[in-house]
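Just below is one structure, and these are the notes that go with it.
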Amino acid sequence: NYANIKVKSIKPHILLVVMNRPHVSNAFNTKMAKEISNFFQNINSQNKNCRSIIITGAGEKAFSAGADLKERKNMGTKSWQKQHLEFETMIGSILNCELPVIGAINGAAIGGGCELVSALDFAFASKKAIFAQTETKLGIIPGIGGTQNLSRAVGERRAKELIFSARYFNAVEAYNWGLVNEIFPPEKLLSKTVEIVEKIVKNAPYAVKQAKKAIHEGLQMTLQRGMEFEIECYNKTITTKDRREGILAFN
């Protein structure tokens, strides 16, 4: 039972996570960060039936405006750093999730909200979605993976432009630069996202997990080591029942 996020099963093997603070543009406070961390850290043990997760924001205005700056207004340095650890844990729990985590970016994704987008496996956006890394306007820098994940998504030079300038960019730009995979009308965003995720959950779940692991971890290695790691992940699928059934079904 969560106060700031909603979790529900929307299709077989698919869970929807909704950041549910629409009155503050789904900005995450300490409690929301803890709830998101709790969900992603425990999903593998608590829901064996889940094969993929979709994350979105409540309402049509915002995916997430990032950290709740009102909560941070009177924080001293130590309190700020202590709270930020909760945000670091939150983003780490998403990055380390074995299951595919797909974004349905329904509105503004600003600051930490934009960092959250770039931490997902991939994402789809509403035509109304806007994005920005606004931290340098506040005298800080992206601190939950933005300098790393955004750079990997859109390239080093584009990420530098966006982070240095703190400028806003729209869904078409996000698509052209590789931050989102596709753009849909607002009213079709979730249904289209579900349609694509259904294709994922129909495939062998252990193979999908190993493919995610091979891609994510392999990209942090040299090409040669990445190829070797791919074979390590590949070999783990050979002994599975899914592999035997898949080959028989094909034949």
Side-chain angles (χ1 to χ4, degrees), residues 2 4-28 32 35-36 39-40 43 47 49-66 91 94-95 97 99-133 146 149-150 152-154 158 162 167-203 205 208 211-212 215:
Y2 297 116
N4 295 281
I5 63 173
K6 290 183 178 179
V7 179
K8 58 183 178 180
S9 176
I10 53 173
K11 290 283 184 176
H13 309 300
I14 301 173
L15 289 181
L16 177 67
V17 177
V18 182
M19 293 179 286
N20 191 36
R21 301 185 75 222
H23 58 290
V24 288
S25 298
N26 301 317
F28 34 80
M32 179 191 272
E35 290 177 354
I36 292 173
F39 169 79
F40 280 100
I43 183 60
N47 194 322
N49 193 46
C50 180
R51 297 184 182 180
S52 191
I53 298 161
I54 298 171
I55 186 167
T56 192
E60 299 180 1
K61 179 182 176 182
F63 174 71
S64 174
I91 214 74
I94 295 170
L95 287 168
C97 182
L99 303 173
V101 185
I102 317 304
I105 315 306
N106 55 302
I110 310 301
C114 189
E115 291 183 274
L116 180 54
V117 176
S118 63
L120 303 174
D121 288 309
F122 57 89
F124 304 106
S126 160
K127 288 181 178 179
K128 294 182 178 181
I130 57 171
F131 305 82
Q133 293 291 170
N149 293 317
L150 185 64
R152 284 165 169 78
V154 305
R158 183 68 68 184
L162 297 173
R167 79 172 180 85
Y168 285 70
F169 56 101
N170 60 33
V172 173
E173 291 171 310
Y175 169 75
N176 289 337
W177 299 335
L179 183 59
V180 299
N181 287 29
E182 192 59 81
I183 304 170
F184 297 116
E187 67 276 10
K188 293 184 178 180
L189 174 64
L190 187 57
S191 63
K192 286 291 187 182
T193 302
V194 170
E195 186 179 308
I196 294 165
V197 173
E198 282 186 299
K199 297 180 185 297
I200 296 173
V201 301
K202 288 178 181 177
N203 295 326
V208 172
K212 173 174 176 172
I215 294 168

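Fair warning: this is a prediction, and the values are worked out from it, not measured in the lab.
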- Task: To the nearest 0.5 Å, tell me how far Ser52 OG sits from Ile196 CD1.
- Result: 11.0 Å

- Heavy-atom closest contact (Phe63 atom, Ala104 atom, distance): CD1-O, 3.9 Å

- Phe169/Cys114 under side-chain contact (heavy atoms from CB on, under 4.5 Å): CA gap, chis, key distance, verdict: CA-CA 11 Å; Phe169 56 101; Cys114 189; 4.3 Å; yes

- For the side chain of Asn26 and the backbone of Ala58, is there at least one donor-acceptor N/O pair under 3.5 Å apart? yes

- Backbone N/O of Tyr2 and side chain of Glu35: donor-acceptor pair under 3.5 Å: no

- Message: Between Ile53 and Phe39, is there a side-chain heavy-atom distance shorter than 4.5 Å?
- Response: yes

- Query: Distance from Leu120 atom CG to Ile55 atom CD1, nearest 0.5 Å?
  - Reply: 6.5 Å

- Message: For Phe131 and Leu162: C-alpha separation, side-chain torsions, deciding distance, then whether side-chain contact (heavy atoms from CB on, under 4.5 Å) applies.
- Response: CA-CA 10 Å; Phe131 305 82; Leu162 297 173; over 6 Å; no

All N/O donor-acceptor pairs, side-chain side in residues 174-191, below 3.5 Å, sequence neighbours left out:
from   : atom 1 : to     : atom 2 : distance (Å)
Asn176 : ND2    : Val172 : O      : 3.3
Ser191 : OG     : Lys188 : O      : 3.1

- Check whether any side-chain heavy atom of Met32 lies under 4.5 Å from a side-chain heavy atom of Ile36, and answer yes or no. yes

- Nearest heavy-atom pair of Asn203 and Lys199: which atoms, and what distance? ND2-O, 3.2 Å

Please tabulate, for the side chains in residues 5-23, all donor-acceptor contacts under 3.5 angstrom to protein atoms that are two or more places apart in sequence or on a different chain.
from  : atom 1 : to    : atom 2 : distance (Å)
His13 : ND1    : Asn49 : O      : 2.9
His13 : ND1    : Asn49 : OD1    : 3.2
Arg21 : NH1    : Ala27 : O      : 2.8
Arg21 : NH1    : Asp68 : OD2    : 3.1
Arg21 : NH2    : Asp68 : OD2    : 3.3

- Message: If you count every heavy atom of other residues, nucleotides or ligands that lies below 6.0 Å from Glu198 atom CD, does the total exceed 12?
- Response: yes

- Query: Between the main-chain N or O of Ala62 and the side-chain N or O of Asn106, is there a donor-acceptor pair closer than 3.5 Å?
  - Reply: yes

- Message: Donor-acceptor pair, distance only, cut-off 3.5 Å: does the side chain of Lys127 make one with the backbone of Ala171?
- Response: no

- Between atom CD of Gln133 and atom OH of Tyr168, what is the distance when rounded to the nearest 0.5 Å? 11.0 Å

- Message: Measuring from atom CZ of Phe124 to atom CD1 of Ile105, what distance do you get when rounded to the nearest 0.5 angstrom?
- Response: 10.5 Å

- Message: Nearest 0.5 Å, please: how far is OG in Ser118 from CG in Leu150?
- Response: 5.5 Å

- dist Asp121:CG -> Lys212:NZ (nearest 0.5 Å) comes out at 3.5 Å

